[in-house]
Amino acid sequence: MSDYLPFTRPSIDAATIEGVAEVLRSGWITTGPQAKAFESRLSQYFGGRPVRALASGTGALELALAIAGVGPGDEVVTTPLSWVATANVVLRAGARPVFADIDPATRNIDPARIEAALTPRTKALIPVDMAGLPFDRDAVYAIARRRSLRVIEDAAQSMGATWNGRRVGSFGDLACFSFHANKNMTTAEGGCLVLDDEAEAARCERLRLQGVVRLAGGEIEVEEAGAKMNLTDVAARIGLGQLERLEEFNARRRILARRYFERLDRSLGCGLPPADFERSNWHMFQVLLPLERITIDRARFIALMHERGIGVGVHYPAMHLFALYRAQGWKAGDFPHAEHVGASIVTLPLFPAMQDGDVDRVCRALGDILAAHCR
Ligand SMILES: *Cc1c(COP(=O)(O)O)cnc(C)c1O
């Protein structure tokens with residue numbers, strides 16, 4: 001399986017590897033000048049907004065919740081179709097995640113259903129840009145303004161995506177990005193929080209490192225218990241090399257996604273993602289398997305693709321059906337759209353180093369397997 005095609009793989013260039021080696025040799029490997037430089041490049045990228053680099057996207061969500069003042073007794077409305085981090089952070093803040101179903105066309109939270117999920121306890125919304133397709137900023141922010149709610153954008157997957165021609169993260173309330181190895185740009189593990197106010201950025205900076213405040217004269221003070229979520233210089237140096245190439249990476253992803261649309265046989269009955277080449281950063285190319293038309297289940301489909309040397313992922317099962325969330329009263333039938341997508345979705349290979357022919361190979365394998373197991 002030397003030509004095994006994974007569903008994703010990061011592209012780290014030689015200059016970045018050399019840069020990381022220099023950092024390792026420099027004698028300063030944790031948070032320092034590289035992290036500072038990375039933050040300043042990120043801030044430029046987001047139109048000058050304050051940015052703080054963090055150890056993970058989950059960390060960004062946790063600090064955003066703290067900054068939004070979300071705690072015990074509060075509710076946060078979010079989507080059931082996301083990586084489980086999105087709702088776990090709400091529980092860890094001592095608050096209650098309240099799910100609102102997705103719009104099956106976009107696979108993002110349905111703004112109309114957010115309205116129905118609001119209560120007097122709602123303090124914030126966490127909409128997610130699933131697969132890098134931006135959630136409807138106009139509709140979500142209209143609700144947030146009307147109800148005085150904070151918006152914590154889970155933009156973990158949407159680095160480089162745009163809404164009405166503006167970069168995700170360059171406007172709006174708190175925006176959380178992840179630089180996990182599978183995301184469109186990576187620091188191996190890492191993330192950042194984009195804020196809209198210098199005072200909140202200063203709070204974020206304290207909260208990411210034990211709550212420490214540095215005073216003039218070299219003294220320190222601590223007024224609240226912070227976390228340990230700083231980004232290392234080793235990671236930041238990877239991020240600097242990646243950010244430089246992000247537009248190129250995303251352009252390549254877009255070309256490959258277009259090719260999927262051209263090559264996928266529509267008669268197979270797979271549910272396709274929205275053909276959005278304007279706003280999405282094509283973090284993932286995901287189709288819904290026509291399970292009602294075939295005799296195999298998703299696990300078998302994935303195993304058969306694997307036998308043909310092709311990696312397929314599942315992102316994500318509907319979150320409210322995990323034991324943790326069932327224990328809080330959520331159950332099958334609560335969110336039919338998220339449940340249908342969560343049960344039938346598969347992530348096909350898509351990453352910048354893929355060749356056009358790889359897309360053709362995936363489409364052929366998918367076509368063969370579905371055709372061979374037709375009801
Ligand atoms: C990756 C991801 C996260 C978490 O980011 P980490 O860097 O892995 O902590 C949160 N939400 C979504 C939607 C993600 O895809």
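As the structure is a prediction and not an experimental result, all values here were calculated from the model. Just follow the structure's listing: the first ligand is 1, and inside any ligand the first atom is 1.
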S.K.: Flag Trp83 as yes when one of its N or O atoms lies below 3.5 Å from any N or O atom of ligand 1, and as no otherwise.
M.R.: no

S.K.: Going by the order shown, which atoms of ligand 1 are within less than 4.0 Å of some heavy atom of Tyr316?
M.R.: 15 (O)

S.K.: If you take the centroid of each ring, where Trp contributes its six-membered ring, are Trp282 and Phe277 closer together than 6.0 Å?
M.R.: yes

S.K.: Going by the closest heavy atom to atom 7 (O) of ligand 1, which one wins out of Gly191, Ser158, Ser178?
M.R.: Ser178

S.K.: With a heavy-atom distance limit of 4.0 Å, tell me whether Lys183 approaches ligand 1 through its side chain, its backbone, both, or neither.
M.R.: side chain

S.K.: Are the charged groups of Asp13 and Arg245 less than 4.0 angstrom apart, N to O?
M.R.: yes

S.K.: Could you tell me, atom by atom, which parts of ligand 1 come under 4.0 Å of a heavy atom of Ser82?
M.R.: 13 (C)

S.K.: Would you check if there is a donor-acceptor pair between the side chains of Asp136 and Tyr141 at a distance under 3.5 Å?
M.R.: no

S.K.: Asp173 and Arg49: which non-hydrogen atoms are nearest, and at how many Å?
M.R.: O-NH2, 2.7 Å

S.K.: Can you list the ligand 1 atoms lying under 4.0 Å from a non-hydrogen atom of Gly190?
M.R.: 7 (O)

S.K.: Counting only heavy atoms, which portion of Asp154 has something under 4.0 Å from ligand 1: side chain, backbone, both, or neither?
M.R.: side chain

S.K.: If you have a sec, work out which protein heavy atom is nearest atom 4 (C) of ligand 1 and how many Å separate them, to one decimal?
M.R.: Thr58 OG1, 3.5 Å

S.K.: Salt-bridged, Arg263 to Asp360, with N to O below 4.0 Å?
M.R.: yes

S.K.: Only heavy atoms of Thr86, strictly under 4.0 Å: list the atoms of ligand 1 that pass.
M.R.: 11 (N)

S.K.: May I ask you to check whether Gly57 has an N/O atom sitting below 3.5 Å from an N/O atom of ligand 1?
M.R.: yes

S.K.: So that I can tick it off, tell me whether Arg308 and Asp368 are bridged by a salt bridge, with the cut-off set at under 4.0 angstrom between side-chain N and carboxylate O.
M.R.: yes

S.K.: If you count the atoms of ligand 1 from 1 in the order shown, which ones are under 4.0 Å from a heavy atom of Val128?
M.R.: 13 (C)

S.K.: Nearest protein heavy-atom contact for atom 14 (C) of ligand 1: which residue, which atom, what distance?
M.R.: Ala156 CB, 3.3 Å

S.K.: For ligand 1, find out whether one of its N or O atoms is nearer than 3.5 Å to an N or O atom of Gln157.
M.R.: yes

S.K.: Mind checking the CZ-CE spacing from Arg167 to Met159? Nearest 0.5 Å is all I need.
M.R.: 8.0 Å

S.K.: So, Asn108 and Asp129: side-chain donor and acceptor under 3.5 Å apart, yes or no?
M.R.: no

S.K.: Only one of Phe351, Phe7, Tyr260 clears ring pair (Phe, Tyr, Trp, His ring centres under 6.0 Å) with Phe285; which?
M.R.: Tyr260

S.K.: Can you spot which of Thr79, Thr86, Thr78 makes a side-chain hydrogen bond (donor to acceptor under 3.5 Å, both in side chains) with Ser82?
M.R.: Thr86

S.K.: Just let me know how Phe177 lines up against ligand 1, side chain, backbone, both or neither, with a heavy-atom cut-off below 4.0 Å.
M.R.: neither

S.K.: Looking at ligand 1, does Ala60 have a heavy atom less than 4.0 Å from it?
M.R.: no

S.K.: Under 4.0 Å from a heavy atom of Ser56: give me the atoms of ligand 1 that qualify, with their elements.
M.R.: 7 (O), 9 (O)

